[in-house]
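What follows is a short report on a single structure.
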Amino acid sequence: MNAFKRFFLTMATITSKFIREAQKLPPLKMFLRAFSSAPQMELLPIRKELGKFEGGSVDLEMDEQTGIAVMTLNNPRRLNSMTGKMMVDMSDRITQLEQWKKGKGLILMGIGGNFCSGGDLTFVRKALHYGAEMATYQHHTLTRLLNLPLISVALLQGHTLGGGAELSTACDFRVMSPTAKVGFVQIKMGLTTGWGATTRLVHLLGRQKALGLLCSAKVLSAEEAKSEGLVDSVMMYGLSQEDEFTECKKWLVSNYCRHDSDLIQATKSSVVYSDLNRDLDTSLRNEREVFAQYWGGPAQKAALEANVKHNK
Ligand SMILES: CC[C@H](C(=O)O)C(=O)SCCNC(=O)CCNC(=O)[C@H](O)C(C)(C)COP(=O)(O)OP(=O)(O)OC[C@H]1O[C@@H](n2cnc3c(N)ncnc32)[C@H](O)[C@@H]1OP(=O)(O)O
């Protein structure tokens, strides 16, 4: 049997297995699994190319006790700018988080007191001939990041510029150090956004504010970013970098990650599904199916038993 026939039969087997598996899943899980796995095969060639651009890493710590993970951009000598290898690292770390059943929350941050100063300019200069493929790869990665069944927050310290500002919009929330700066500087670099921030900013802030941030290329202070609605909380002055991380973690846990991981994951996934399926009946059908999984379940019975009061 020639190579083409072997490849064709292999692909047919993979596809039919995928369809059989997917048919057993409720719509939401089928939808999210389809999004996170199938297109990655088409991205293998660009993944291989990006991986050749060494420098830095994206590291991940997952705390099974608290359900809080920390993803760290680790290229401090270059203000955590993203090399090709870091883009591949990030995709792999997100795959780990997609499979984390007990996860509740994620903090995305940079090492050494800076979040991220964008694409690594050495990499950018060498990758000028495959911008579209790199953008496709980053769009897929950052959409998966935003759609994780975890509550994610970007901790903006020091510089958050260009692609770094784009990364920050791929989290549910943003918490900022009072002395940090954030700016979508792409237009000053002779570009528009390459990692999906235009789409996410319009969604997040509306057309006018998105247009203002992108066309002004303004580097915002923390207070300016908060008043624009780009940032959800600005921390107090005088904290060390480590204390800012501790405060950010407290903010995430006390606001959004106090409850059962199952319910947090189900709620986030339903919000993602509804965001991506704006048809009312489709979204409500999914909401009913998720609700039915918990109605009469152990968590509800325990809450009824405890006679929970909501006065604090
Ligand atoms: C799709 C990607 C996207 C796009 O292409 O649209 C981008 O993100 S392009 C990159 C956008 N980012 C920038 O243009 C930031 C450039 N850097 C700066 O403006 C400054 O470095 C700043 C303001 C962040 C900090 O200035 P400061 O004077 O405090 O420090 P240094 O400039 O001396 O920087 C320290 C050290 O880091 C290196 N560095 C900083 N940013 C990058 C970067 N994006 N890529 C690679 N290296 C970076 C800088 O070169 C210094 O290293 P050294 O070895 O001392 O030169």
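Predicted model only: the values in this text are computed from it and were never measured. Just follow the structure's listing: the first ligand is 1, and inside any ligand the first atom is 1.
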Parallel, tilted or perpendicular: which describes the rings of Phe173 and Trp251, with under 30° parallel and over 60° perpendicular?
-> perpendicular
Give the atom numbers and elements of ligand 1 that come within less than 4.0 Å of a heavy atom of [X].
{"X": "Gly118", "value": "8 (O)"}
{"X": "Leu161", "value": "24 (C)"}
{"X": "Trp195", "value": "1 (C), 2 (C)"}
{"X": "Met189", "value": "14 (O)"}
{"X": "Gln186", "value": "6 (O)"}
{"X": "Leu191", "value": "4 (C), 5 (O), 6 (O)"}

With a 4.0 Å cut-off on heavy atoms, is Arg77 touching ligand 1?
-> yes
For [X] and [Y], does a side-chain donor sit closer than 3.5 Å to a side-chain acceptor?
{"X": "Glu166", "Y": "Gln138", "value": "no"}
{"X": "Asp59", "Y": "Asn74", "value": "yes"}
{"X": "Glu133", "Y": "Thr136", "value": "no"}
{"X": "Gln157", "Y": "Gln241", "value": "no"}
{"X": "Gln186", "Y": "Thr193", "value": "no"}

Give a yes or no on whether [atom] lies under 4.0 Å from any heavy atom of the protein.
{"atom": "atom 8 (O) of ligand 1", "value": "yes"}
{"atom": "atom 44 (N) of ligand 1", "value": "yes"}
{"atom": "atom 20 (C) of ligand 1", "value": "no"}
{"atom": "atom 25 (C) of ligand 1", "value": "yes"}
{"atom": "atom 55 (O) of ligand 1", "value": "no"}
{"atom": "atom 28 (O) of ligand 1", "value": "no"}
{"atom": "atom 31 (P) of ligand 1", "value": "no"}

To which of [options] does the heavy atom nearest [atom] belong?
{"atom": "atom 46 (C) of ligand 1", "options": "Leu121, Thr83, Asn80", "result": "Leu121"}
{"atom": "atom 12 (N) of ligand 1", "options": "Gly131, Ser117, Gly162, Gly183", "result": "Ser117"}
{"atom": "atom 10 (C) of ligand 1", "options": "Gly119, Ser81, Ala135", "result": "Gly119"}

Single hit among Ile94, Ile107, Asp89 for side chain to side chain contact (heavy atoms under 4.5 Å, CB included) with Met71 = Ile94
Considering the options Val231, Asp232, Thr160, Leu155, which one meets the side chain to side chain contact (heavy atoms under 4.5 Å, CB included) requirement together with Met176?
-> Val231
Please confirm whether Gly163 comes within less than 3.5 Å of ligand 1 when only nitrogen or oxygen atoms on both sides are compared.
-> yes
In the protein, which heavy atom is nearest to atom 23 (C) of ligand 1, and how far is it?
-> His159 CE1, 3.9 Å
Distance from atom 34 (O) of ligand 1 to nearest protein heavy atom, with residue and atom | Leu79 CD1, 3.8 Å
SB check [X] [Y] (cutoff 4.0 Å):
{"X": "Glu289", "Y": "Arg285", "result": "yes"}
{"X": "Glu223", "Y": "Lys226", "result": "no"}
{"X": "Arg144", "Y": "Glu98", "result": "yes"}
{"X": "Asp92", "Y": "Arg47", "result": "yes"}

Partners of Asp172 by side-chain hydrogen bond (donor to acceptor under 3.5 Å, both in side chains), sequence neighbours excluded?
-> Ser152, Lys268
Heavy-atom contacts under 4.0 Å between Arg78 and ligand 1: side chain, backbone, both, or neither?
-> both
